[in-house]
Amino acid sequence: MSVDWGSGTELGELRARVRAFVAGHAPGRAARAGVRSPENAAELAELRHWIAALFEAGYYGADWPLEFGGAAGHDPRRDVVVAEEIARARAPMHLGGNGLAASALIRFGSDEQKARLLPAIRSCDDLWCQLFSEPGAGSDLAGMRTRAVPDGDGYVVTGQKVWTTNGHWANRGYLLARTDPDMPKHKGITAFAIDMDTPGIDVRPLRELTGTSDFNEVFFDGARIPATAVIGTPGQGWIVANASLAEERNGVSAAVVDLQLAWEDLYALAQKIEIEGRPAVEQADVRQRFGALRAEIRACALLGQSSFARWRAGRERVIDAPAGKLWFSELNLRLHEFAVDLLGARGILTEGDLDAVDGGRWQDAYLYARAYTIAGGSSEIMRNLIAERALGLPR
Amino acid sequence: MLLSDEQVSLAEAARDWLAERTDLAAARADGAALAALYSADDVRAAAELGLTSLLRPAEGGTFADLAVVVEELGRAGSPLPLGQAALVARLLDQIGIGAAVSDAVADGSALAVPAAAEPDDAAIGGVPGADGTLTLAGRAAIVVGGLGAAWLLVSAAIGDDRALALVPASSAARTARTTLDLSRDIAAVDLHGVTVPAGDWTRVGADVADTLDQALALIHTLDAVGAAGRLLDMTVGYVKEREQFGRPIGSFQAVKHHAATMAVDIEASRLCGHDAARALDGGDLLSAGTAVAVAGSVAGEGTSRAASTALQLHGGMGFTWEHDLHLFLRRIKVDELVRGTTRQHRERLFATAG
Ligand SMILES: Cc1cc2nc3c(=O)[nH]c(=O)nc-3n(C[C@H](O)[C@H](O)[C@H](O)COP(=O)(O)OP(=O)(O)OC[C@H]3O[C@@H](n4cnc5c(N)ncnc54)[C@H](O)[C@@H]3O)c2cc1C
């Protein structure tokens with residue numbers, strides 16, 4: 001179901017190479033659903049090692065500037081192949097917010113910042129977190145109130161961030177804060193690359209509904225950061241943030257592979273389940289759901305491929321990214337709701353119970369599925385975007 | 001996978017031409033006679049634009065090109081069964097019978113459409129005679145374009161074998177059907193006792209028979225995509241204009257979200273439809289069958305939902321006989337249910353997995 005650029009072609013060969021590489025290097029443990037934090041230091045070390053190996057092999061960071069290790073004449077389709085193969089092996093894909101931070105630095109960072117920060121992203125010595133959301137500013141991100149007040153040759157930061165994935169592990173933060181409260185709300189925001197061990201920053205882990213600890217609250221109480229931390233120019237933060245978020249374009253192709261694997265596993269599982277004394281796969285409603293999901297997963301792949309093709313051809317439309325995000329996140333939710341329902345009474349058993357099906361994997365993915373319809377622009381925000389900016393409905 | 005510049009021009013040409021030619025008021029006239037829907041002149045003009053020869057192997061025609069045109073037929077609410085006719089011309093060329101009919105379809109002097117039993121119905125049977133004839137028995141319950149066509153390409157079963165037979169439409173007993181769809185000519189075709197002379201029929205392999213079934217299913221999917229696209233445009237236009245509570249109803253978020261959902265459903269349906277067309281061009285029967293079923297599943301649900309939402313957003317205005325909206329809503333429901341229902345497409349996707 002992945003983008004098939006043909007075996008025997010350059011990309012087909014790349015796919016075979018990446019597949020072998022992933023098989024040889026990826027951490028042995030299956031990744032949990034979604035964007036999750038390492039559970040302990042050993043897991044984090046393993047993750048750093050793995051992502052660093054991807055950089056070293058040239059599979060990550062090939063789209064970077066040449067002087068920071070990028071490849072000449074890089075073909076972005078290679079990134080899709082790499083993302084798909086990592087997903088296919090169920091291997092972890094990200095080291096925290098490193099990808100997001102790298103794209104902000106590459107597009108907007110100063111030469112000094114790039115030289116100082118990019119090599120440590122490549123080597124995975126640094127781990128970044130994304131400090132955007134606040135208790136009072138989620139969907140309305142531009143309504144953020146955390147202040148970075150100019151003070152001498154730097155800024156003093158006061159306020160609170162929340163839902164900061166990996167905040168408890170990160171040594172660097174990609175921060176958005178208000179530097180000019182008198183400007184209109186989108187214009188008074190500045191982006192910063194900060195050290196998380198700066199005095200005055202307090203990270204407090206939160207536990208998610210899944211039971212795991214992935215995100216945090218981060219409190220700033222007069223934390224002093226240098227002027228050299230500004231990414232881009234003061235007041236440019238909104239533009240920096242939006243540009244770096246838009247760069248995350250291989251997400252859909254990897255997500256499609258996740259969906260496809262989940263569908264296949266569920267299909268295999270359904271062969272073993274009985275409902276009312278008959279195999280589940282002989283029940284018409286079960287067959288219908290599987291058939292519909294198979295079609296919807298294919299549609300998801302096509303949405304991703306077409307927006308990628310449009311982007312490459314310089315014909316990207318406003319509807320492309322939000323349509324793909326909506327379709328994926330809502331389909332992923334439907335699929336995992338179906339999975340748990342299909343298991344019947346055993347569907348209630350979670351990780352830790354002796355009889356939990358597949359170690360409770362389906363329940364974890366079911367609980368996690370709402371993260372995708374909330375984070376990174378909720379389904380409602382995606383629909384607003386499509387209606388107002390793609391269809392031109394009045395605000 | 002994006003449309004080529006040529007395909008975009010083809011779509012535009014077809015759209016402009018269809019907008020001029022299509023008389024939706026005729027569809028609304030009570031007991032509208034077929035003659036009121038389209039004329040021989042319309043068929044000739046369509047042929048001149050190349051629309052009936054789009055699939056002929058000699059013209060380098062592709063299903064991907066046909067997809068663009070069929071979408072426009074749905075968008076226009078056109079009565080012309082041009083996708084079906086183009087398919088017949090291709091199949092005749094491919095199996096080497098009815099060369100004169102294929103040429104007549106291509107030059108617009110006659111229309112020909114496929115006649116096949118619906119997937120759940122008994123197949124039309126054929127009994128070969130010692131003299132090389134084929135005698136048919138059975139009926140095609142739903143033949144789109146069946147009344148206006150001069151020729152029918154009948155899909156028949158000879159035991160486990162499949163055959164295609166070209167018969168003059170006048171030799172079959174045709175009855176106009178009363179259906180949800182007001183914009184197209186739909187007939188029941190009874191073929192009992194029709195004898196097809198040698199040379200006008202042939203046994204065909206699964207490649208040809210399956211292509212016929214898949215292409216017919218896909219024509220309806222793409223037609224629905226076009227019709228739903230038209231409804232989206234109508235709806236977006238309407239909710240920008242119509243005011244309630246002192247503001248355009250399109251500024252209400254409930255309305256916006258409905259419209260956005262329509263747009264996403266239609267976009268996904270369109271991509272699946274065009275993907276299936278490319279799969280048919282690719283010639284691998286299994287993957288084409290899957291792609292057609294994917295399109296039928298996604299678009300069957302998506303376009304019908306979009307049509308229903310379009311009606312909701314038009315309020316009482318959309319509920320009137322005079323408004324064009326219901327013509328498209330009706331047509332989309334027919335597209336969903338003929339040549340494979342959403343349910344059948346999903347069953348196929350389940351049964352062929354693994
Ligand atoms: C698992 C997870 C990980 C995350 N990781 C990070 C991270 O690392 N860094 C970070 O900065 N943030 C992170 N986030 C935060 C995420 O970006 C926000 O949760 C998201 O932007 C929504 O904001 P909110 O939670 O404040 O919800 P709200 O904005 O309060 O939304 C609540 C509900 O109201 C709806 N709503 C809000 N505004 C509108 C509107 N205009 N129209 C219609 N409906 C509306 C929403 O759709 C939603 O249903 C994470 C979130 C989750 C769930």
Side-chain angles (χ1 to χ4, degrees), chain A residues 1 3-4 263-264 267-268 270-271 281 284-313 315 317-320 322-327 330-331 379-395, chain B residues 1-3 232-233 235-237 239-241 243 247-276 278 287 290-302 342-354:
Chain A
M1 192 160 296
V3 188
D4 188 9
W263 189 96
E264 286 168 6
Y267 177 84
Q271 314 290 325
V281 291
D285 63 326
V286 171
R287 300 169 75 90
Q288 286 289 304
R289 288 299 297 277
F290 270 110
L293 289 166
R294 184 177 175 199
E296 288 155 4
I297 293 170
R298 176 68 185 152
C300 191
L302 291 169
L303 284 164
Q305 288 170 25
S306 119
S307 69
F308 184 77
R310 284 184 172 278
W311 167 71
R312 289 190 68 221
R315 284 161 56 187
R317 300 166 306 174
V318 179
I319 192 174
D320 293 339
K325 202 245 168 193
L326 257 179
W327 192 271
E330 302 202 332
L331 169 57
S379 294
E380 289 71 30
I381 297 299
M382 294 297 112
R383 290 196 169 89
N384 290 350
L385 254 170
I386 292 170
E388 289 169 4
R389 307 225 189 122
L391 302 177
L393 298 191
R395 281 172 185 257
Chain B
M1 67 183 296
L2 304 180
L3 294 186
L232 177 63
D233 290 352
T235 302
V236 166
V239 304
K240 283 182 186 167
E241 295 282 312
E243 294 197 359
R247 37 198 268 225
I249 56 171
S251 67
F252 296 118
Q253 197 176 57
V255 170
K256 285 183 185 171
H257 284 196
H258 276 318
T261 301
M262 284 177 76
V264 174
D265 272 338
I266 295 168
E267 177 71 6
S269 300
R270 176 179 293 120
L271 287 170
C272 291
H274 287 266
D275 180 62
R278 286 192 302 270
S287 43
T290 301
V292 168
V294 163
S297 172
V298 170
E301 180 175 332
T342 304
R343 185 182 179 81
Q344 287 161 340
H345 290 306
R346 290 178 176 168
E347 170 60 26
R348 180 190 175 109
L349 289 171
F350 179 83
T352 58

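This structure is a prediction, so every number in the text was calculated from the model and none was measured. Just so we're on the same page: letters track the sequence lines, and every chain starts at 1.
When heavy atoms are compared at a cutoff of 4.5 Å, B/I249 does not approach chain A at all. Contacts of A/R389 with chain B are absent, with no heavy-atom separation under 4.5 Å from either backbone or side chain. Only the side chain of A/R315 comes within contact range of chain B, with at least one heavy atom under 4.5 Å from a heavy atom of that chain. Only the side chain of A/I319 comes within contact range of chain B, judged by heavy atoms closer than 4.5 Å. Residue contact with chain A, scored on non-hydrogen atoms closer than 4.5 Å, is absent for B/A291. For B/L2, the part lying near chain A is the side chain, with the backbone staying farther off; criterion is any non-hydrogen pair under 4.5 Å. Contacts between B/S269 and chain A at a heavy-atom distance below 4.5 Å are absent for every atom of the residue.
Residues B/F350 and A/V281 are in side-chain contact: their nearest non-hydrogen atoms beyond the backbone lie under 4.5 Å apart. In this structure the side chain of A/L326 reaches within 4.5 angstrom of the side chain of A/I386, judged on heavy atoms.
Heavy-atom pairs under 4.5 Å with chain A were tallied for B/D265, B/D275, B/V236; the largest tally goes to B/D275. Listed options B/H274, B/H257, B/K240 were ranked by heavy-atom pairs under 4.5 angstrom with chain A; first place goes to B/H257. Ranked by heavy-atom pairs under 4.5 Å with chain B, the list A/E296, A/E380, A/R395 is led by A/E380. Among A/A390, A/A323, A/S306, A/A387, the residue making the largest number of heavy-atom pairs under 4.5 Å with chain B is A/S306. Note on A/E264, A/R289, A/R310: by heavy-atom pairs under 4.5 Å with chain B, the leading option is A/R310. Options B/Q253, B/H345, B/R343 differ in how many heavy-atom pairs under 4.5 Å they form with chain A, and the most are formed by B/R343. With respect to chain A, the highest number of heavy-atom pairs below 4.5 Å among B/T290, B/V255, B/D233 belongs to B/T290. The residue among A/A268, A/A309, A/A313 with the most heavy atom pairs within less than 4.5 Å of chain B is A/A309.
For A/K325 (side chain) and A/S379 (main-chain N/O), no donor-acceptor pair under 3.5 Å exists by modelled atom type.
The environment of CD in B/E241 is sparse: at most 12 heavy-atom neighbours from other residues, nucleotides or ligands sit within 6.0 Å.
Here the OG-CZ distance, from B/S297 to B/R346, works out to 3.5 Å after rounding to the nearest 0.5 Å.
In this structure, A/F308 and A/W311 have tilted ring planes: the angle between them lies in the 30° to 60° band.
Side chain to side chain, B/R247 and B/S251 meet the donor-acceptor criterion of an N or O pair below 3.5 Å. Under 3.5 Å, the side chains of B/T261 and A/R383 contain a donor-acceptor pair of N or O atoms. Residues A/S307 and A/R312 bring no donor and acceptor atom of their side chains to less than 3.5 Å of each other.
Taking each heavy atom of A/Y267 and B/A353 in turn, the nearest pair found is OH-O, 3.1 Å.
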